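Remarks on the structure that follows.
None of these values were measured; they are calculated from a predicted model. First the proteins, then the strands, lettered A, B, ... as listed; each starts at 1.
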Amino acid sequence: MNYWLFKSEPYAYSIDDLKNESDGVGRWDGIRNYQARNLLRDDIKIGDQVLFYHSSCKNVGIAGFAEVTSEPYPDPLQFDPESKYFDPKSDLENPRWVCLDIQYKAHVKKFLPLSQIKQNSELEEMVLVKRGRLSVQPVTESEWDAIKKLTMND
DNA sequence: GCCAACGTTGGC
DNA sequence: GCCAACGTTGGC
């Protein structure tokens with residue numbers, strides 16, 4: 001089992017939105033970056049654990065936990081001309097973009113802001129800190145454990 | 001395949 | 001709104 005961090009802008013799709021889906025299962029779609037796509041397609045498996053990160057908002061940081069519940073499948077938005085994620089260069093025979101389903105697990109008890117992640121010696125090597133701009137990124141087991149401790153204690 | 005120009009992400 | 005750090009596009 002592996003660990004990942006998924007970024008979302010909360011006014012577009014927040015941890016609350018995921019929780020409010022029926023059965024708490026939501027489609028993680030709209031990924032239009034090849035590196036992130038390759039992770040979704042090749043590396044992320046059912047049962048993998050996900051940190052739900054809120055980006056581009058007043059309080060950026062880790063807001064909750066989720067679990068991968070489906071294999072990757074073609075992102076329907078790429079075929080929808082009305083969607084901002086429509087991709088005219090993709091075709092049904094050979095879809096360019098994939099998505100998958102995730103299930104809500106929990107909100108953090110204590111929100112973990114990016115500023116705090118950057119200051120924490122156990123977390124300063126996170127892709128989130130080192131690299132930043134990548135909407136799907138790997139998290140190590142020790143990072144996962146440290147984040148669990150910081151967000152779920154008390 | 002190179003690379004300049006342009007576009008996007010995302011924290012601040 | 002700024003801007004750094006990418007990523008993408010397209011001419012050659």
Side-chain angles (χ1 to χ4, degrees), chain A residues 2-21 26-44 48-68 70 72-102 104-140 142-152:
Chain A
N2 287 305
Y3 304 99
W4 309 94
L5 181 145
F6 287 9
K7 279 188 199 171
S8 185
E9 301 177 0
Y11 43 83
Y13 195 81
S14 71
I15 185 76
D16 296 304
D17 293 327
L18 177 62
K19 185 181 184 181
N20 291 333
E21 301 271 13
R27 193 177 66 210
W28 194 263
D29 55 21
I31 299 299
R32 295 294 178 271
N33 167 283
Y34 286 104
Q35 220 176 323
R37 190 277 311 267
N38 292 346
L39 291 174
L40 292 179
R41 192 189 55 188
D42 306 329
D43 296 323
I44 301 182
D48 280 2
Q49 301 297 305
V50 173
L51 297 171
F52 200 111
Y53 179 89
H54 283 173
S55 68
S56 295
C57 58
K58 194 156 178 246
N59 297 309
V60 296
I62 291 165
F65 301 91
E67 180 175 324
V68 176
S70 82
Y73 57 95
D75 184 345
L77 301 180
Q78 69 196 305
F79 306 121
D80 176 4
E82 301 298 307
S83 169
K84 71 180 234 188
Y85 297 111
F86 177 62
D87 184 349
K89 293 182 196 159
S90 187
D91 65 277
L92 283 162
E93 293 299 306
N94 195 12
R96 181 177 296 201
W97 306 109
V98 299
C99 60
L100 43 72
D101 295 337
I102 59 173
Y104 171 82
K105 299 282 280 188
H107 277 62
V108 291
K109 286 187 191 164
K110 249 187 316 191
F111 184 76
L112 183 60
L114 178 61
S115 58
Q116 210 172 312
I117 292 172
K118 285 178 170 171
Q119 288 168 22
N120 188 301
S121 59
E122 290 179 288
L123 301 177
E124 63 191 6
E125 293 298 315
M126 284 185 75
V127 177
L128 184 67
V129 177
K130 288 276 156 190
R131 163 92 194 281
R133 322 177 353 149
L134 186 60
S135 53
V136 170
Q137 42 180 271
V139 172
T140 69
S142 64
E143 289 163 354
W144 174 272
D145 290 343
I147 288 166
K148 265 254 138 124
K149 234 176 261 171
L150 287 165
T151 57
M152 296 309 269

Show your reasoning for whether side chain to side chain donor-acceptor pair (under 3.5 Å) applies to A:Asp87 and A:Trp97.
CA-CA 9 Å; A:Asp87 184 349; A:Trp97 306 109; 2.8 Å; yes
Measure from [atom1] on [X] to [atom2] on [N] and round the result to the nearest Å.
X	N	atom1	atom2	value
A:Tyr85	B:dT8	OH	P	12 Å
A:Leu134	C:dC6	CG	P	11 Å
A:Glu9	B:dG10	CD	P	7 Å
A:Ile31	C:dG7	CD1	P	15 Å
A:Leu128	C:dA5	CG	P	16 Å
A:Arg133	C:dA5	CZ	P	11 Å
A:Ile62	B:dG11	CD1	C1'	15 Å
A:Gln119	B:dG11	CD	C1'	15 Å

Phosphate contact ([N] OP1 or OP2) by [X] side-chain N/O below 4.0 Å:
X	N	value
A:Lys7	B:dT9	no
A:Lys84	B:dT8	no
A:Lys89	C:dT8	no
A:Tyr34	C:dC6	no
A:Arg131	C:dA4	no

Evaluate the side-chain proximity of A:Glu67 to A:Asp48: yes if any heavy-atom separation is below 4.5 Å, no if none is.
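No, their side chains stay 4.5 Å or more apart.
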Can A:Lys148 be said to sit on top of A:Phe65's aromatic six-ring, NZ or CZ under 6.0 Å from centre and within 45° of the ring axis?
yes
What's A:Lys118 touching, base or sugar-phosphate or nothing? Going by heavy atoms closer than 4.0 Å.
sugar-phosphate
Categorize A:Gln35 for me: base, sugar-phosphate, or nothing, with a 4.0 angstrom heavy-atom threshold over every strand shown.
sugar-phosphate
Given A:Val50, A:Leu18, A:Leu51, A:Ile31, the one that forms side chain to side chain contact (heavy atoms under 4.5 Å, CB included) with A:Phe6
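Only one of A:Val50, A:Leu18, A:Leu51, A:Ile31 forms a side chain to side chain contact (heavy atoms under 4.5 Å, CB included) with A:Phe6, namely A:Val50.
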Lys/Arg N to Asp/Glu carboxylate O, A:Glu124 vs A:Lys118, below 4.0 Å:
no
